[in-house]
2 protein chains.
Amino acid sequence: MTGSANDEATLPLKVWLALFSNVRQIEWLIRTNLRESFGSTLPRFDLLSQLYRVADGMTMSELSTRLMVSNGNVTGLIARLVAERLVSRVADPQDKRIQRVALTPKGRRVFETMIPANQAWVSAAMAGVPRDDLVELQALLQKLKVSVSGAVQMHKAGEVPGDQDGPPWAAP
Amino acid sequence: MTGSANDEATLPLKVWLALFSNVRQIEWLIRTNLRESFGSTLPRFDLLSQLYRVADGMTMSELSTRLMVSNGNVTGLIARLVAERLVSRVADPQDKRIQRVALTPKGRRVFETMIPANQAWVSAAMAGVPRDDLVELQALLQKLKVSVSGAVQMHKAGEVPGDQDGPPWAAP
DNA sequence: GTCATATACTTTAAGTATGAAATGTATTGG
DNA sequence: CCAATACATTTCATACTTAAAGTATATGAC
């Protein structure tokens, strides 16, 4: 009695549209505020936040994977951040193909001023939702992420002919 | 007993990160599949889906608002879709500032082949989540949207000095 | 050692996105 | 009527993004 047969088929799509709509609006807020308050952008912020979490930096590929963007994109983004002296990029002496990237002291300092502002923007956007609902929402999103990540992995595995013999997440 | 004092402050941020992560991955799936199956892109798809819902088309501003993208972006996107004969664009005879944009028969036909595919991709990504969880998730996302939309409206109102006398959503 | 192959990254070309300024078109108050 | 103002869109410069092709380096078979 909670839904027709048609709901069954379109329910995931409705959830997707609701997810997308929320993210699009929150992204708009963060992007606008980053520009107005710091003269920065969301891609830069995402990149800095990844580097902020680790002590000894990351490789370009690691960044590319974590941000789910192309390798070429990371190259350009890092080049601009290096030009702004927020990020350092040094070739690995052991393996000269690898570029190791890290926050500079300036980069760390700048990012730390952005953290509380970002938190305030997001909190303000969600201020109309009771705490309990947010707790529940987070739990459901965690469940969803498991399912979605599986689908992404499956798609990636299907595209690579030389990878048939079982990635770690596949059942034996 | 369900959380420390620190959770209280970071809870919205955690919800945001979970939202963002899910959307990023689902977007990746849709974008990849659109390319592989239809040689198309997500921005084009979003634009077509907006036009698909209305019978008599839309103005550029309306598209810009609904998609939450800049006016300049819509101009370029529409130009490419017009070149592909998926969309028609005609100047309004009453008000020559206005461009009225609509799907062509070809555009409608093409988009209709994309609908079931898109639904299948999203369903597959969410296949690991029980139906009841999806129902609840949708309800919570609807609540969130109200809060977020209010924050967006407030930000937009704050930026325009000539708009002090209350938009429709403001309390009287 | 040498060659094939894989890996890490960069470059390229096309497309997508932004904000600001410019353009052209109504509308309105005097 | 007409200047001021508002509005819809485009243009411009720049930034971000992707897929695909290219470069350089490493690794392993032989």
Side-chain angles (χ1 to χ4, degrees), chain A residues 24 27-48 57-65 67-84 89-101 156 159-163, chain B residues 24 27-36 38-48 57-84 86 89-101 155-156 159-163:
Chain A
R24 191 155 53 180
E27 263 190 2
W28 185 91
L29 281 170
I30 295 179
R31 190 163 15 83
T32 305
N33 280 317
L34 276 175
R35 163 169 288 271
E36 291 172 354
S37 299
F38 300 104
S40 191
T41 67
L42 189 52
R44 280 166 159 86
F45 181 81
D46 284 343
L47 194 13
L48 295 179
M58 265 181 190
T59 68
M60 303 292 264
S61 299
E62 212 171 337
L63 276 170
S64 167
T65 301
L67 297 172
M68 294 203 75
V69 299
S70 69
N71 42 6
N73 185 8
V74 173
T75 296
L77 220 31
I78 287 292
R80 284 184 288 269
L81 289 169
V82 167
E84 294 175 27
R89 180 187 49 186
V90 294
D92 187 310
Q94 311 301 320
D95 185 338
K96 282 186 278 190
R97 295 171 304 178
I98 296 175
Q99 298 288 323
R100 192 151 276 276
V101 169
K156 285 185 176 174
E159 299 305 316
V160 184
D163 211 19
Chain B
R24 190 154 55 179
E27 265 190 2
W28 184 91
L29 280 170
I30 295 178
R31 185 162 20 82
T32 305
N33 279 317
L34 276 176
R35 163 169 284 270
E36 291 172 355
F38 299 103
S40 190
T41 68
L42 188 53
R44 279 165 158 87
F45 182 81
D46 285 343
L47 194 14
L48 295 179
M58 266 182 192
T59 68
M60 302 294 262
S61 300
E62 211 171 338
L63 276 171
S64 167
T65 302
R66 295 213 197 205
L67 297 172
M68 297 203 72
V69 299
S70 68
N71 40 10
N73 184 12
V74 173
T75 297
L77 219 32
I78 287 292
R80 283 183 289 268
L81 289 169
V82 168
E84 294 175 26
L86 299 175
R89 178 186 51 186
V90 295
D92 187 310
Q94 311 301 319
D95 185 339
K96 281 187 279 190
R97 296 172 303 179
I98 294 174
Q99 297 288 323
R100 193 150 276 276
V101 169
H155 189 104
K156 284 184 177 173
E159 299 304 316
V160 183
D163 211 18

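A, B, ... follow the sequence lines: proteins, then strands. Residue 1 opens every chain.
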Please write out each protein N/O paired with an N/O of nucleotides 4-8 of chain C under 3.5 Å, distance rounded to 0.1 Å.
| residue | atom | partner | partner atom | Å |
| --- | --- | --- | --- | --- |
| C:dT7 | O2 | A:Arg97 | NH1 | 2.8 |
| C:dA8 | O3' | A:Arg97 | O | 3.3 |

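A salt bridge links B:Glu62 with B:Arg66: the distance from a Lys NZ or Arg NE/NH1/NH2 to an Asp or Glu carboxylate oxygen falls below 4.0 Å.
Going from atom CG of A:Leu81 over to atom C1' of D:dC16 covers 12 Å, rounded to whole Å. Taking atom CE of A:Met68 as the reference point, atom C1' of D:dC16 lies 17 Å away to the nearest angstrom. The CG-P distance, from B:Leu34 to C:dG15, rounds to 16 Å in whole Å. As rounded to whole Å, 12 Å separates atom P of D:dT17 from atom CD1 of A:Ile78. Rounded to an integer number of Å, the gap from A:Arg31 CZ to C:dA17 C1' is 8 Å. Distance, A:Leu47 CG to D:dT17 C1': 14 Å, rounded to whole Å.
Using a 4.0 Å heavy-atom criterion, one finds that A:Leu77 contacts the sugar-phosphate atoms exclusively. Residue A:Glu27 is classed as having no contact, given no heavy-atom separation below 4.0 Å to the nucleic acid. Using a 4.0 Å heavy-atom cutoff across all strands shown, A:Arg100 reaches no nucleic acid atom at all.
Atom CG in B:Asp46 sits 11.0 Å away from atom CG in B:Leu63 (nearest 0.5 Å). Atom CD1 of residue A:Ile78 and atom CG of residue A:Leu47 lie 4.0 Å apart, to the nearest 0.5 angstrom. Put simply, NE2 on B:His155 and OG1 on A:Thr32 are 5.0 Å apart, with the number rounded to the nearest 0.5 Å. Of the inter-residue distances, the one linking A:Leu42 atom CG with A:Ile30 atom CD1 reads 6.0 Å to the nearest 0.5 angstrom. A distance of 9.0 Å separates CG in A:Leu29 from NZ in B:Lys156, rounded to the nearest 0.5 Å. Residue A:Asp95 holds its CG atom at 10.5 Å from CZ of A:Arg100, rounded to the nearest 0.5 Å.
Comparing C:dG19, D:dT9, C:dT10 against the side chain of B:Thr75 picks out D:dT9 as the nearest.
In this model, the phosphate group of C:dT10 is approached by a side-chain N or O of A:Arg89 to a distance below 4.0 Å at OP1 or OP2. An OP1 or OP2 oxygen of D:dT14 is reached within less than 4.0 angstrom by no side-chain nitrogen or oxygen of A:Arg80. Between B:Thr41 and C:dT16 there is a side-chain N or O to OP1 or OP2 distance below 4.0 Å. Taking only side-chain nitrogens and oxygens, A:Asn73 comes nearer than 4.0 Å to OP1 or OP2 of D:dT18.
Looking at which nucleotide of DNA chain D each of A:Asn71 and A:Pro43 is closest to, the 5′-most match is held by A:Pro43. Where B:Gln94 and B:Gly76 each meet DNA chain C at their nearest nucleotide, the meeting point lying more 5' is that of B:Gly76. Sequence order on DNA chain C of the closest nucleotides to A:Glu62 and A:Arg35 puts A:Glu62 first from the 5' end. A residue-by-residue look at A:Arg44 and A:Asp92 shows that A:Arg44 has its nearest nucleotide of DNA chain D further toward the 5' end.
Nearest heavy-atom pair across B:Met60 and B:Val101 is SD-CG2, 3.7 Å.
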